[in-house]
Protein chains: 2
Amino acid sequence: MAESINLAVSTVIFALRPHPDTQHPVLWLPLVRRVRSPHKGLWALPGGPLGSTEDLAASARRNLHETTQLTPRYLEQLYAFGRPDRSDDRTVSIVYWALVHADVASAGVESDNVRWFLADELPKLAFDHSQIVEYALWRLRNKMEYSRIAAALLGETFTLSELREVHEVVLERTLDPANFRRQIESTGQVVATEQFRTGGRHRPARLYRHDHSIELADNGPLTGR
Amino acid sequence: MAESINLAVSTVIFALRPHPDTQHPVLWLPLVRRVRSPHKGLWALPGGPLGSTEDLAASARRNLHETTQLTPRYLEQLYAFGRPDRSDDRTVSIVYWALVHADVASAGVESDNVRWFLADELPKLAFDHSQIVEYALWRLRNKMEYSRIAAALLGETFTLSELREVHEVVLERTLDPANFRRQIESTGQVVATEQFRTGGRHRPARLYRHDHSIELADNGPLTGR
DNA sequence: TCAAAAGTGTTTGGTCTACACCCATGG
DNA sequence: CCATGGGTGTAGACCAAACACTTTTGA
């Protein structure tokens, strides 16, 4: 009986890029257009069947790279979706969520069947993928509060204002700059450099980088906790 | 390629029962003895292949009932384990964890191939099941702090001391009775009854019950959040 | 009347928040 | 020299731990 069940791995990929109108950074995610039934023509999460000798996370990483040419800065298992009615062909999907650093260049890999969308302006998605994205957004917002995954959305160095802006976009609320600074500094997740960002009509901001001595991603229960 | 991958659902089941020596309540969990290769004779988590029209949680619930004759008071997806080397036959296991209320009577369903073990005195387990149990314990302890799953380990009514004892056993540390009382009362997850537990050489303790108007288990992302 | 646990009150130390304020720069 | 954001200081609100204390029972 089990031989009729398909197993797939899909990934919700988030990146921070400017809003086309406001130029303010907002969350984007890439989708692929289905070229086969069912749900042919609808947009869906990137993913596919698990390779017979492939690890789950490796499958997610591979799909992510094939879709976006990118390597995730953060990758974590989200949930296994298995309701019998979620697809016609009885597929259980193990879903990961990822953060990538998508600059303008990497946006060039878009094609007719791969496109980046604003996270809050998604089209109708295939299967239960809309619910999956909702859940991934919920997890992202929750994790943001006690983790430093915002790091994965920025470059190697950044000002505290830039880091705060990431938090504000993800959490959808403004944060007090003074308190945010203290909060970040107290965790020690970030280290000051001797460089400064100049150019604004104001005092230059010190650049920081992440403390790479601490692991970033939660790679699941098997990698020491 | 995907057709060679097996999909199984397993469950880590926790219950609170007295320690055989001290009579103090401690965590127990039931295991089943493998009757087939590989790992024949070793103890393993209850589980089995997913039914072709069965929901993941339903499969966990079914296995749990077949093993212990019990119905879970709490059931939540834990993680999907899929390392290629975790079994010889390339099985991906979607693991749930559950809390049950196991009284002495239900312990009677033990047999040669089903036995309850102290959670901190487990034998060598088949496959990667030892790591899975470790992870489930970690999740239990984490969730305890901000949830009321302790409820699922107790009967319909209980004193605050009993509830505190559950927390203390799971978290492996003592808690201040006064602060614990305030903390629990402030959440409103528990409501006072007009009954009291008498019999000790001390002032009778008021019995409480859980507020059933609030959902208990986290049934995943698809059931409203 | 005493031991033991139930239950209450109070102090205290830390953390979070709001906001006033100074600093350094580009224009 | 002034507008702008970088960065610091600080008072009040809030919260949780510690612990002294009172209450009520069974023996």
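Predicted model only: the values in this text are computed from it and were never measured. So you know, we letter chains A, B, ... as the sequences are listed, proteins then strands, and number each from 1.
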Worksheet item: Starting at the 5' end of DNA chain C and moving along, which residue's nearest nucleotide shows up first, R164(B) or R201(A)?
Response: R164(B)

Worksheet, complete the sentence: Walking DNA chain C from its 5' end, the first of H202(A) and Y208(B) to be reached, judged by nearest nucleotide, is Y208(B)

Worksheet entry | Distance-only polar pair, side chains of S161(B) and R197(B), donor-acceptor under 3.5 Å | no

Item to complete: Assess the side chains of N179(A) and R182(A): does a donor N or O sit below 3.5 Å from an acceptor N or O?
Response: yes

Practice prompt. Determine, stepwise, if the pair W43(A) / L122(A) fulfils side-chain contact (heavy atoms from CB on, under 4.5 Å).
Written response: CA-CA 9 Å; W43(A) 295 95; L122(A) 295 182; over 6 Å; no

Worksheet item: Quick one: stems for DNA chain D, with Watson-Crick or G-U pairs under 3.5 Å, at least three in a row?
Response: C:1-27 with D:1-27

Item to complete: Tell me, with the steps shown, if E185(A) and Y208(A) meet side-chain contact (heavy atoms from CB on, under 4.5 Å).
Response: CA-CA 10 Å; E185(A) 281 173 343; Y208(A) 291 77; 3.8 Å; yes

Whole Å only: how far is the [atom1] atom of [X] from the [atom2] atom of [N]?
X       : N       : atom1 : atom2 : answer
R206(A) : dC23(C) : CZ    : P     : 17 Å
R197(A) : dG26(C) : CZ    : C1'   : 17 Å
Q183(B) : dA18(D) : CD    : P     : 12 Å
H167(B) : dA17(D) : NE2   : C1'   : 16 Å
Q195(B) : dA6(C)  : CD    : P     : 17 Å
F196(A) : dG5(D)  : CZ    : C1'   : 15 Å
E165(B) : dA6(C)  : CD    : P     : 10 Å
L160(B) : dT24(D) : CG    : P     : 17 Å

Practice prompt. Describe, in one word, how the ring planes of Y135(A) and W138(A) are oriented to each other, choosing from parallel (under 30°), tilted (30 to 60°) and perpendicular (over 60°).
Written response: parallel

Worksheet item: Parallel, tilted or perpendicular for Y74(B) and W97(B), by the 30°/60° rule?
Response: tilted

Item to complete: Look at the side-chain N and O atoms of T198(A) and state whether any lies under 4.0 Å from the OP1 or OP2 oxygen of dT25(C).
Response: no

Worksheet item: Under a 4.5 Å cut-off applied to non-hydrogen side-chain atoms, are K124(A) and S130(A) in contact?
Response: no

Practice prompt. Using a 4.5 Å cut-off on heavy atoms from C-beta on, say whether the side chain of V92(A) contacts that of L7(A).
Written response: yes

Worksheet item: Using a cut-off of 4.0 Å on non-hydrogen atoms, how would the nucleic acid contact of T159(B) be classed: base, sugar-phosphate, or nothing?
Response: nothing

Worksheet entry | Where protein sits on nucleotides 8-13 of chain D, one letter per nucleotide: B base, S sugar-phosphate only, - none, heavy atoms under 4.0 Å | BBB---

Fill in: Contact list for residues 22-31 of chain A, test salt bridge (charged side-chain N to carboxylate O under 4.0 Å, His left out), sequence neighbours left out
none

